[in-house]
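Each chain gets a letter, A, B and so on, in the order its sequence line appears, and its residues count up from 1. Small disclaimer: the values here were computed from a predicted structure and weren't measured.
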Amino acid sequence: MSVHLAKGVRDYLPEQMRGRHAVMATVRAVFDRFGFEPLDTPAFERLDTLTGKYGDEGDKLMFRILQRGEGGEAGLADQALRYDLTVPLARFVAMHPELRLPFKRWQMAPVWRAERAQRGRFREFYQCDADIVGTTSPMADAECLAVASTAITELGFPDHVVRLNDRRILRAMARAVGAHDHELPLLIAVDKLDKIGRDGVSAEVRRLGLDDDAIARLWQILDVPRGHADTLDALAVHLDDEGRAGVDTLREVLRIAFALGVAPERLQVDPTLARGLDYYTGPVFETVLPGRNMGSVSGGGRYDGLVGMFCGRQIPCVGVSIGIERLLVLLEEEGRLEVASTAADVLVTVHDDDHRDAALAAVAALRAAGVRAEVFLDDKKLKAQLKYANARGYRWVAFVGPEEAAAGQVTLKDFAAGKQVTVPLHEAASVIGME
RNA sequence: GUGAGCAUAGCUCAGUUGGUUAGAGCGCCGGAUUGUGGUUCCGGAGGUCGUGGGUUCAAAACCCACUGUUCACCCCA
C-alpha cells in the first residue's frame, strides 16, 4: 500500500478518542472551576498577524498558506495556520476594546508547527491554554501556575515540578556577565544545563566571547540553590535594578501560589529556565515530570507587550499552555488511559428479512427509552452477528425472532452474565438499565 | 534544518556464514446438523520481503540512492 499520512500527523481512532475526550474533559473542568471562559478563534490567520511574534525559529516553522491566483504561483503566502493560541488571543483582544478586563479565557484547539516529529512532538497537536488578559497583578501569574498544576495533578501526574524564572532576571544576568549583546544565545546555552552539564555550558558561553571572569560570575549566579525565597534572596545580590524587579515579582507570585494551595514542593525557582518565545516579558514557567523521559508538559509566562503590537493600547497578559499530547503519550505508555469499548449498550440482531421490521421497532423503542442501541446492518447468520457483537464489546444482544415478534417480546442476552431473558418490548429498556 | 537507527502477512516479530516452494503467534474467513458469542477442535485465505538500481551462479540478507518511519539535536506542548 502506498497511502500515507502527511508527516507528523495522526488519525485518532475511536478507542483513542475516548482517552482524548476524557483528558480534555478533565482539563476543561479545571479551567471552568478557575473561572476561565471559553473562546475559539480561526485555525488560520493573516500571515502578518502571526509573523514576528515568536522569533526567527517560529517564523520558519509556521505552515504558510499560498495565495490564490498569481501570488500562489509565485510562491507567495498571505495566511498561515496558527502556531499557538496566544498570538491569536492577543489579536482578538486588540480587536475587542469593549472587553471587560481582566478577562480570563481558556481555549483547546489544534495548532500546527512544521517541525520534525518525535516522541511527544507532532506537527499537529492540541494546546490547552488558560490566559488572563488585562492585569499586571502577580495574582494572575499565580493563578496560571495554580490552574496548570491542578490540571496536571488531576490528569494523574501529582509529582510534577513547575520551574519558574523571570525574563528580567535573565536579562539582568546577561548584563551582569557583560553579554548583553548576545543575550539570546547566552540564555539558550544556560537553558541546556540539565542536558550538557556545567562544562558544556561553560564551553558554549566561552564561544560567545565570555572570558573566565565573566564565566565565573555566571556560575556565581546560576549556582544558587534551587528553591523558593532563599533562591530569590541569593539571586538579588548579583543583579541590577531590573533583575531585582523580577526577583520581587517572583517572590510575590510564590507567596500567592502557596496561598492558593499549591504545594511548595511543586514550585522551584530556577535561574536557568529560559523559554524561547520572543513575546515573554516577565515571569516564565514550565512544568516537568521528574523521572520521565519527556520534555515540558506545560509552559507559559507573562507577555505584556504582545497586544500592543496589534493596537496602540498596551494590555498586559499572562497565560499557560498544558501539553496534553505529551501527557497522553505518557498515560498510554503507562497503561493508564481509558480504553473502554465505544460500542453501544445493546446490539439488536436481525433474524431474517421477514423480521427486520420487528428488529427495527425494537431498536427504535430502546433508543426512545434512552438506551444506546444499534441494529445489525448486514444480512448475515445469527452466529456471525453474535461474533460481531462480542468482538465489538456490546454488553447486551437482543433477539427478535418469529416467537418474540408474534408475542411483542424481545429476548435480551447478557454477555457478561451469560444469561438471557425474554420480556415484553416495553420492559426491555428497564432490564438493561437495571444491570 | 542536522545526526543516528529501523523497514519481512492486517498486527507483533523469527528468518543461521548469501543457497530449493519465506515462517510463527495473534488477528481474519469458513466448518463442527435446526435461533446463540466469548473457550476448544478442524480447515482456509493472506507477503512483487518499502521502492529503484548494483554485486553474485544465487539476495529478505551485501552495497548505493530514494521513500516512509522512529529516536535524538535545534526549538518547543
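- For the pair Lys381(A) and G31(B), the criterion of a side-chain N or O lying under 4.0 Å from OP1 or OP2 is met.
- Distance alone, capped at 3.5 Å, is enough to place a donor-acceptor pair between the Gln385(A) side chain and the Lys380(A) backbone.
- Protein atom CZ of Phe157(A) is 18 Å distant from nucleotide atom P of A77(B), rounded to whole Å.
- In terms of polar N and O atoms assigned as donor or acceptor, the side chain of Gln385(A) never comes within less than 3.5 Å of the base of U36(B) in a complementary pairing.
- Here the separation of A59(B) from G50(B), taken at their P atoms, is 15 Å to the nearest Å.
- Under 4.0 Å is where a charged nitrogen must lie from a carboxylate oxygen, and between Lys419(A) and Asp414(A) no such pair does.
- Arg113(A) contributes no side-chain N or O that forms a donor-acceptor pair with the base of C76(B) under 3.5 Å.
- Picking from G3(B), U69(B), A77(B) the nucleotide with the shortest atom distance to the side chain of Arg275(A) gives A77(B).
- Distance from the side chain of Thr411(A) is smallest to G35(B) among A72(B), A77(B), G35(B).
- Atom CZ of Phe44(A) is surrounded by 12 or fewer heavy atoms from other residues, nucleotides or ligands within 6.0 Å.
- Both Lys192(A) and Ser296(A) sit near RNA chain B, but only Lys192(A) has its closest nucleotide nearer the 5' end.
- Put simply, CD1 on Ile188(A) is 7 Å from P on C76(B), counting in whole angstrom units.
- At the heavy-atom level, Leu327(A) lies nowhere under 4.0 Å from the strands shown.
- His355(A) places no side-chain N or O within 3.5 Å of a backbone atom of Val400(A) that could act as its donor or acceptor partner.
- Taking atom P in both C42(B) and A22(B), one finds a spacing of 25 Å when rounded to whole Å.
- Listed pair Lys195(A) / C74(B) meets the phosphate criterion, a side-chain N or O lying under 4.0 Å from OP1 or OP2.
- Residue contacts shown for Lys60(A) are absent, as no nucleic acid heavy atom lies under 4.0 Å away.
- Within a 6.0 Å sphere centred on CZ of Arg367(A), heavy atoms belonging to other residues, nucleotides or ligands number more than 12.
- For the pair Tyr388(A) OH and G27(B) P, the interatomic distance rounds to 18 Å; values are reported in whole Å.
- Side-chain N/O atoms of Asn390(A) include none lying less than 4.0 angstrom from OP1 or OP2 on U39(B).
- Spacing of P atoms, U20(B) relative to U12(B), comes out at 27 Å, to the nearest Å.
- Taking atom C1' in both U55(B) and G43(B), the straight-line distance is 44 Å, to the nearest Å.
- With hydrogens and angles ignored, no donor-acceptor pair under 3.5 angstrom links the side chain of Arg119(A) to the base of U70(B).
- Atom P of nucleotide C76(B) and atom CD of Glu57(A) are separated by 8 Å, given to the nearest angstrom.
- No contact: Asp191(A) has no heavy atom under 4.0 Å from any strand.
- Between Asp414(A) atom CG and U36(B) atom P the separation is 18 Å, expressed in whole Å.
- Side-chain N/O atoms of Gln118(A) include none lying less than 4.0 angstrom from OP1 or OP2 on U70(B).
- Residue contacts shown for Gly120(A) include a base, since a base heavy atom lies under 4.0 Å away.
- With G37(B), G35(B), C74(B) as the choices, the nucleotide that has an atom nearest any side-chain atom of Phe415(A) turns out to be G37(B).
- One can place CH2 of Trp112(A) at 25 Å from P of C75(B), the figure rounded to the nearest angstrom.
- Phe63(A) does not carry Arg123(A) over the face of its six-membered ring by the limits of under 6.0 Å from the centre and within 45° of the normal.
- Residue Lys387(A) places at least one side-chain N or O under 4.0 Å from the OP1 or OP2 atom of G38(B).
- A donor-acceptor contact under 3.5 Å links the side chain of Glu404(A) to the base of G35(B).
- Comparing Phe399(A) and Gly8(A) along RNA chain B, the residue whose closest nucleotide (by nearest heavy atom) sits nearer the 5' end is Phe399(A).
- The P atoms of C28(B) and G38(B) are separated by 10 Å, rounded to the nearest whole Å.
- Across all strands shown, Glu286(A) has no heavy atoms under 4.0 Å from either base or sugar-phosphate atoms.
- Looking at Arg326(A), its side chain comes within 3.5 Å of the base of C76(B) through a donor and an acceptor atom.
- Side chain of Arg121(A), nearest nucleotide from G37(B), G35(B), C76(B): C76(B).
- In this model, the phosphate group of U36(B) is not approached by any side-chain N or O of Lys383(A) to a distance below 4.0 Å at OP1 or OP2.
- In this model, a side-chain donor or acceptor of Lys413(A) finds a partner on the base of U36(B) within 3.5 Å.
- Ring-centre distance between His96(A) and Phe103(A): not below the 6.0 Å cut-off.
- Note on Tyr126(A): nothing from the nucleic acid sits closer than 4.0 angstrom, heavy atoms only.
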